[in-house]
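So you know, we letter chains A, B, ... as the sequences are listed, proteins then strands, and number each from 1.
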Protein chains: 2
Amino acid sequence: MNQNITIKDIARKFKCSPSTVSRALNNNALINIETRKTIQEYAQKMGYEKNTISLSLLQKSTKTIGVIIPSISHSHETLMINGIQSVINKMGYMLNFGITNEKHQLEKEHLKRFMANRVDAIFVSVAFETSKLGDFSHFKDIQKRNVPLIFIDRNVHLEESISFTVNDFKGAYLATKHLIDLGRKKIAHIKGPEGLNVSEMRLMGYLKCLKDHNIEINPNFIKQADFDIESALLPTSQLFESENKPDAIFCSNDYVCLGAMKVLQEKNLRIPEDVAIIGFDNCPISEFFYPPLSSIERKSFLLGEQAASFLTDQLSDMDNRVKDYRTVFNPELIIRKSTVS
Amino acid sequence: MNQNITIKDIARKFKCSPSTVSRALNNNALINIETRKTIQEYAQKMGYEKNTISLSLLQKSTKTIGVIIPSISHSHETLMINGIQSVINKMGYMLNFGITNEKHQLEKEHLKRFMANRVDAIFVSVAFETSKLGDFSHFKDIQKRNVPLIFIDRNVHLEESISFTVNDFKGAYLATKHLIDLGRKKIAHIKGPEGLNVSEMRLMGYLKCLKDHNIEINPNFIKQADFDIESALLPTSQLFESENKPDAIFCSNDYVCLGAMKVLQEKNLRIPEDVAIIGFDNCPISEFFYPPLSSIERKSFLLGEQAASFLTDQLSDMDNRVKDYRTVFNPELIIRKSTVS
DNA sequence: TTGAAAGCGCTAACAT
DNA sequence: ATGTTAGCGCTTTCAA
């Protein structure tokens, strides 16, 4: 279809061999400086662009890294991606995305596609369905093929794995502790999707903190929502149906808070006076909610950056690759007016 | 590095030629049905994965499409991308992203990378800097090379081009008209970044609507911000410094509204009683702002879908390619409590 | 029904 | 300083 100029074309033009052209274009010192200049200038003029496909085939490296991610609509995801980009672009790698929409099937297909395209490495943030199903065979396949696989943000339990995650337990503990420190006793939790590691860890952190502070756990105070706004509406309403109403809510993320806050406002409950509310993620927009939202900062950009640095180190020394390595980031409590007026 | 099994390996195993294996794997009817089955099963068992790199080289098609986009942190962008994905994944294509952060240089580099990687086509949402500089030579290069180039959401003025955009003028007109219909007379506009087509079109729509309704244009009522929350804070404050304060604001997008709303709330101005406010984009979260935000829906998913459908049609018939084609989507007014209580 | 050979664009070892 | 050759993994003509 499109007629790209090749080294052969240039060789013909200068009546020399393709290897000479190749060397000249790579500025190889063996080639006469004059020849080099002439060829380089001609190539430039003709808009010659090295065909990286042939290079990939030859060097068995595509300089491409696959990223499998549930969505790109949450700030922590885009921040993570930006963090990764900032490192790997400098190293001459490019990213290829596969968005799973939390579907197991799509995750498998993207992974397959990445393998067929011979990406040099893969980042994965595990789809919710995969966690729930507990089917990790596709990940094991990748590991068997010796392609670096790095779990970011969400991981699964494997004998060996490399992961960069956030200490969700600690984050949840911090959030809950903050509410307790404010004197709240009836603290509800809207947890994340069933079966997802991060959901469970946040629930654990919440439960542990209540226990540590001798606050009885009320099962009615634990509801569930997905990580979006809409799904938070019903569970929040339910929290306020019975006689015993919560005076604080810890939500699985900031979007869930946004949904919950809408319900609270419709019920004319004051935030934070009647109900304090805290989220998780510290989205850039959370500061601009009304009232500004307290949250847990998870340093997603940093996570992406460090995961990518780790990977580029590994890629530059594939013979001494680490097979098992876990970094857990410490989240931070961000206090705003949704908990402290 | 990683030892992928090839057709050669399989050929050796069955003491046949690579061509036979190739044909068997492609289920070519020429090959004995038994042989086919045996080879296919063996390939499956060994986890054979066709090397698409070699195919790309051979068939001069990478089945990859490049997408150049300023960022992936706005909902209209992610929706557009999702729209594109939904179409092209079905057709066996994959996407490759280049995020420009509105930088001209990065845009050029990504484009160059895409050409080196021989993507089959390119979607571009033009970086702000590029619009401002007016340097479109990199786009013309792509066109010269006969690689399909499709502008989405943001385009530039070229003799020939394919674009799928939103009628920003009309959207702005709708928003302004809505405010006028509500009886507002002192309507401010916080416009988008200087030099960006969509900014200018929205400004034009605003101005035209005021003119059509015999409302005098007050230059002090026109401020500027980028498309983010923070940059909206100062201009909004400035709007309320003088004696003559606006009673409505039309912002260049919903994020700008969020920033503006924060300022209004700090000044204890009631929304919409004292100041009505309307945005552009109709982000999924805007419904959950406090108060819920009126906005202009731009149907980004649909735009992505249609642009991708158009492209796949073109790709399947490269000889009869259309070189000049523009689709402009009609935006819709979404009324919520930030303008009507 | 199968095999041999050429070639996609490039690089690199081995000549010269 | 430059040319020759082989090969990365696959498909496809042509031949058998």
Specify the separation, in whole Å, of atom CG of N51(B) and atom P of dC8(D).
->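 Checked: the CG to P distance equals 12 Å.
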Between dA1(D) and T35(A), is there an OP1 or OP2 to side-chain N/O distance shorter than 4.0 Å?
->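 Answer is no, no contact under 4.0 Å.
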Starting at atom CZ of R118(B), determine the distance to atom C1' of dC10(C), rounded to an integer number of angstrom.
->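 Nearest whole value for this atom pair: 11 Å.
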Going by an N to O cut-off under 4.0 Å, is there a salt bridge joining E102(A) and K132(A)?
->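 Salt bridge: no.
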Considering just the side-chain nitrogens and oxygens of T20(B), establish if one lies under 4.0 Å of OP1 or OP2 belonging to dG3(C).
->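 So the side chain of T20(B) is within the cut-off, an N or O lying under 4.0 Å from OP1 or OP2 of dG3(C).
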Pick the nucleotide of DNA chain C nearest each of R23(A) and I5(A); which residue has the one closer to the 5' end?
->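 Result of the comparison: I5(A).
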K37(A) NZ - dA1(D) P separation (whole Å) |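 Nearest whole value for this atom pair: 14 Å.
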Is the distance from OP1 or OP2 of dG9(C) to the nearest side-chain N or O of Y48(A) less than 4.0 Å?
->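 It does not, given that no N or O in the side chain of Y48(A) lies less than 4.0 Å from OP1 or OP2 of dG9(C).
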Which residue lies toward the 5' end of DNA chain C, N32(B) or I7(A), if each is placed at its nearest nucleotide?
->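 So the residue in question is N32(B).
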Decide whether N26(A) and K50(A) meet the rule of one side-chain donor and one side-chain acceptor closer than 3.5 Å.
->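 Indeed, the side chains of N26(A) and K50(A) share at least one donor-acceptor pair under 3.5 Å.
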Quick one: L58(A) CG to dA12(C) C1', roughly how many Å, whole number?
->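 About 8 Å, once rounded to whole Å.
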Taking only the side-chain nitrogens and oxygens of N4(A), find out if one of them lies under 4.0 Å from OP1 or OP2 of dG9(C).
->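 So the side chain of N4(A) is outside the cut-off, no N or O lying under 4.0 Å from OP1 or OP2 of dG9(C).
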Side chain S19(B) and base dA4(C) donor-acceptor under 3.5 Å |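 Result: at least one qualifying N/O pair found.
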Which of these nucleotides, dT11(D), dC10(C), dG3(D), is closest to any side-chain atom of C16(A)?
->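 Side chain of C16(A) sits closest to dG3(D).
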Answer with yes or no whether the side chains of T20(B) and S17(B) bring together a donor and an acceptor at under 3.5 Å.
->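 Judged by distance alone, the side chains do pair up.
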Would you say the side chains of E109(B) and Q105(B) form a donor-acceptor pair under 3.5 Å?
->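 Their side chains do contain a donor-acceptor pair, which is all the 3.5 Å distance test asks for.
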When we call it a touch if two heavy atoms are under 4.0 Å apart, what does S56(B) touch: a base, just sugar-phosphate, or nothing?
->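 Result for S56(B) = nothing.
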Please state whether the phosphate of dT2(C), meaning OP1 or OP2, lies under 4.0 angstrom from any side-chain nitrogen or oxygen of S17(B).
->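 Answer is no, no contact under 4.0 Å.
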Measure from NZ on K15(B) to P on dA4(C) and round the result to the nearest Å.
->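 It works out to 15 Å between those atoms.
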Mind calculating the distance between NZ (K8(A)) and P (dT4(D)) to the nearest angstrom?
->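 The distance from NZ of K8(A) to P of dT4(D) comes to 13 Å, rounded to the nearest Å.
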Whole angstrom value for the distance that separates C1' of dA15(C) from CG of L30(A) =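 Value for this atom pair: 14 Å.
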When all nucleic acid strands are considered with a 4.0 Å heavy-atom cut-off, which category describes S22(B): base, sugar-phosphate, or nothing?
->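 Since a base atom lies under 4.0 Å of S22(B), the category is base.
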Gap separating the CD1 atom of I142(A) from the CG atom of L149(A), nearest 0.5 angstrom |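 It is 6.5 Å, given to the nearest 0.5 Å.
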Starting from P on dG7(D), measure out to CG on L55(A) and report it in whole angstrom.
->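 So the two atoms are 19 Å apart, to the nearest Å.
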